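One structure is given here, and the rest of the page talks about it.
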Protein chains: 2
Amino acid sequence: MLGLLNYGSMTGYELDKAFKESLSFFWQAQTSQIYRELAAMERKGWVNSEQVIQNEKPNKRVYTITGSGKEELKSWLCTSEADIDDAMRVRSAFLMRVFFAGEMENGEALSMLRKYREACVGQSEAFGAVPESIAQYGALVDNEDQIKYWKVVALFGEISYRAGLEWVNRAIALLEGECK
Amino acid sequence: MLGLLNYGSMTGYELDKAFKESLSFFWQAQTSQIYRELAAMERKGWVNSEQVIQNEKPNKRVYTITGSGKEELKSWLCTSEADIDDAMRVRSAFLMRVFFAGEMENGEALSMLRKYREACVGQSEAFGAVPESIAQYGALVDNEDQIKYWKVVALFGEISYRAGLEWVNRAIALLEGECK
DNA sequence: GTGATATATTCAACAAGTTGAATATATCAC
DNA sequence: GTGATATATTCAACTTGTTGAATATATCAC
């Protein structure tokens, strides 16, 4: 949220949309969590807020990052040490299910993997829209550096989608081979 | 834990080791959480436990899956519907950092990516030991079906490690290219 | 005999994330 | 005028996961 507010002041509603539309690929947050954390961040002095009266829409509260918030953001960005391990860590109930799939019917396991394949294909279609989306937001932010990193993150998405597809195809082939 | 106890009765300590040695690739759990959840599962009737007195070691409590626990396990294995989306979901503070890396020095961002690359290489070495490890545990469990799925999960690990390496190399190349 | 390692478990406090409903106003299409 | 959609926020209850210490016994190497 500090990262987003660093681009410009926003309401909780706008932050929520940003999480749901743009950041959802690598981070998800509930609406209720966003407002709760905004309040916590204001208590910590990382953000300020101001009520804005509107005629045509419900009133809103606009949050602005403070100097202390910017410091916090930068220090968080640089604490890579410990979190690289964290980055490598997978936590997947789906893989857990595959691991214990010996308890299922072979057909059920295959149908699970086929659903995964469909989901991969769906992701692929979703990624088609990413470059335009980056271009649009990039125009608003007007910071060449940012856009560069956004593209690097998008590239991760593409590569890992393709890897997922490769895996599921090989997995299905393996299981179908044994089935017959 | 039900999946593991389905292979055979175990103590919390053994479950903890299984998580740390074998399942840690796709699920992590703290020791304290394992014991807490064992107690919760016993309250739900999914497991039974029995105290075993030992001479050479501290006494232990052995947990055994019940009929109701086996049902629960099977029904969990088959609830793939909703969780496929969940499986596709990435949640990575590391990618978040890359996304906002425009706020860092270019050199700092590069050093973060190089650490990621090192971690990938480390993973690769760890994966070398997996096939032997599967063979060893497989001999104990004596269930061909299980082993098949274990290998499929290991394949996921290999493929996603390689994908991670491909990504980080391309990302570094991109950023270094702009640097000069 | 001392420190390291392995076995084996417990617990309190905290942090983070989820669920699901409630509230309120305005616009637009049918 | 009704239902859908968008704007905008709040809150209680709950579940899950983390931290970090505490306790206890036994073996093995130096």
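Proteins come first, then strands; the chains are lettered A, B, ... in the order of their sequence lines, and each starts at number 1. In this text the structure is predicted, and so the values were computed from the model without any measurement.
Distance from the side chain of A:Arg91 is smallest to D:dT18 among D:dT9, C:dT7, D:dT18. Nearest to the side chain of A:Tyr13, among C:dG20, D:dA6, C:dA8, sits D:dA6. Closest to the side chain of A:Thr31, out of C:dA16, D:dA8, D:dT9, is D:dT9. With D:dT9, D:dG17, C:dT9 as the choices, the nucleotide that has an atom nearest any side-chain atom of B:Thr11 turns out to be C:dT9.
Using a 4.0 Å cut-off between charged nitrogen and carboxylate oxygen, A:Arg170 and A:Glu166 count as a salt-bridge pair. Of the charged side-chain nitrogens involved, none lies within less than 4.0 Å of a carboxylate oxygen, so that B:Lys60 and B:Glu50 do not count as a salt-bridged pair.
Taking atom CD1 of B:Ile34 as the reference point, atom C1' of D:dT19 lies 15 Å away to the nearest angstrom. C:dA8 atom P lies 14 Å from atom OH of B:Tyr63, rounded to whole Å. Spacing between atom CE of B:Met96 and atom P of C:dA16 amounts to 13 Å, rounded to whole angstrom units. Note: CG (B:Leu15) to P (C:dT9) measures 9 Å, nearest angstrom. Atoms CG (B:Asn55) and C1' (C:dT7) sit 14 Å apart, rounded to a whole Å. With rounding to whole Å, A:Leu38 atom CG is found 14 Å from D:dA8 atom P. The NZ atom of B:Lys60 sits 14 Å away from the C1' atom of D:dT25 (whole-angstrom rounding). Rounding to whole angstrom units, CD of residue B:Gln33 and P of C:dA13 are separated by 19 Å.
Nearest-nucleotide positions on DNA chain D for A:Pro58 and B:Ala29 put A:Pro58 closer to the 5' end.
No side-chain heavy atom of B:Trp46 sits less than 4.5 Å from a side-chain heavy atom of B:Ile65.
Between B:Tyr35 and C:dT10 there is no side-chain N or O to OP1 or OP2 distance below 4.0 Å. The shortest distance between the side-chain N/O atoms of B:Gln30 and the OP1/OP2 oxygens of D:dG17 is not below 4.0 Å. The phosphate of D:dT7 has OP1 or OP2 within less than 4.0 Å of a side-chain N or O from A:Lys17.
Using a 4.0 Å heavy-atom distance criterion, B:Gln54 is classed as a sugar-phosphate-only contact. At a threshold of 4.0 angstrom between heavy atoms, the contacts of A:Arg36 include nucleobase atoms, whether or not backbone atoms are also involved. Nucleic acid contact class of A:Asn59 (heavy atoms, under 4.0 Å, all strands): sugar-phosphate only. When heavy atoms are screened at a 4.0 angstrom cut-off, A:Glu56 is found touching the sugar-phosphate backbone but no base atom.
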**Q.** Secondary structure string for DNA chain D (Watson-Crick or G-U under 3.5 angstrom, | for other-strand pairs)
**A.** ||||||||||||||||||||||||||||||
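Relative orientation of the B:Trp150 and B:Tyr7 rings is perpendicular, given thresholds of 30° and 60° on the angle between their planes. Aromatic ring orientation, A:Trp167 versus B:Phe156: perpendicular (interplanar angle above 60°, classes split at 30° and 60°).
Looking at B:Asn169, its side chain does come within 3.5 Å of a backbone N or O of B:Leu165 through a donor-acceptor pair.
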Q: Given side chain to side chain donor-acceptor pair (under 3.5 Å), test B:Lys44 with B:Ser68 step by step and report yes or no.
A: CA-CA 9 Å; B:Lys44 286 179 183 167; B:Ser68 140; over 6 Å; no
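Open room surrounds CD on A:Glu56; 12 or fewer heavy atoms of other groups in view lie less than 6.0 Å from it.
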